[in-house]
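To start, the structure under review is shown below, and the notes come after it.
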Amino acid sequence: HSGLCHDPANDAARAARATLEYWLGRLAFGEAQAAYFSQAVRDIALAATLDPANADYRNDLDFYNKNIPEYAPPPEP
């Protein structure tokens with residue numbers, strides 16, 4: 001996304017990219033799938049951090065953590 005190049009803290013662009021990466025990950029295999037899923041989780045987690053009041057971001061993060069738990073970030077100490 002070119003929007004992230006201009007504004008890396010754009011939570012909406014991060015959330016949109018996370019959705020795209022999740023669906024690309026579902027179509028991919030092996031290392032490509034892992035790369036897409038990992039980036040999707042990182043992007044939606046950052047979007048949720050940037051805008052903690054956005055319930056859609058929190059719901060998406062919960063969905064990813066439930067459906068691809070191996071890519072969820074480790075719990076905070």
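Heavy-atom basis, side chains included; hydrogens, waters and symmetry copies ignored. None of the values given here were measured: they were computed from a predicted structure.
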Nearest 0.5 Å, what's the CG-CG distance between Asn65 and Asp60? 11.0 Å
Give me the atom names and distance for the closest heavy-atom approach of Ala47 to Ala15. CB-N, 4.1 Å
Could you pull out the closest heavy-atom pair between Ala28 and Gln33, with the gap in Å? O-NE2, 3.5 Å
Measure the spacing between CG of Asp51 and CG of Asp11 and express it to the nearest 0.5 Å. 5.0 Å
Going hydrophobic residue to hydrophobic residue with side-chain gaps under 4.5 angstrom, can you get from Ile44 over to Phe63? yes
Once ring pair (Phe, Tyr, Trp, His ring centres under 6.0 Å) is applied, do any residues pair with Phe37, and if so which ones, sequence neighbours excluded? Tyr22, Tyr71
One should read off an interatomic distance between Gln39 CD and Arg17 CZ, to the nearest 0.5 angstrom, of 4.5 Å
Tell me which pairs pass ring pair (Phe, Tyr, Trp, His ring centres under 6.0 Å) where either residue lies in residues 38-61, with sequence neighbours left out. none
All heavy atoms of Pro69 vs all of Asn67, minimum pair found to be CD-C, 3.4 Å
Determine whether more than 12 heavy atoms belonging to other residues, nucleotides or ligands lie under 6.0 Å from atom CD of Glu31. no
Would you call Thr19 and Tyr64 a side-chain contact if the rule is heavy atoms closer than 4.5 Å? yes
Nearest non-hydrogen partners of Val41 and Leu61, listed with the distance: O-CD1, 4.4 Å
Gap between atom OG of Ser38 and atom CD1 of Ile68 - 0.5 Å precision: 8.0 Å
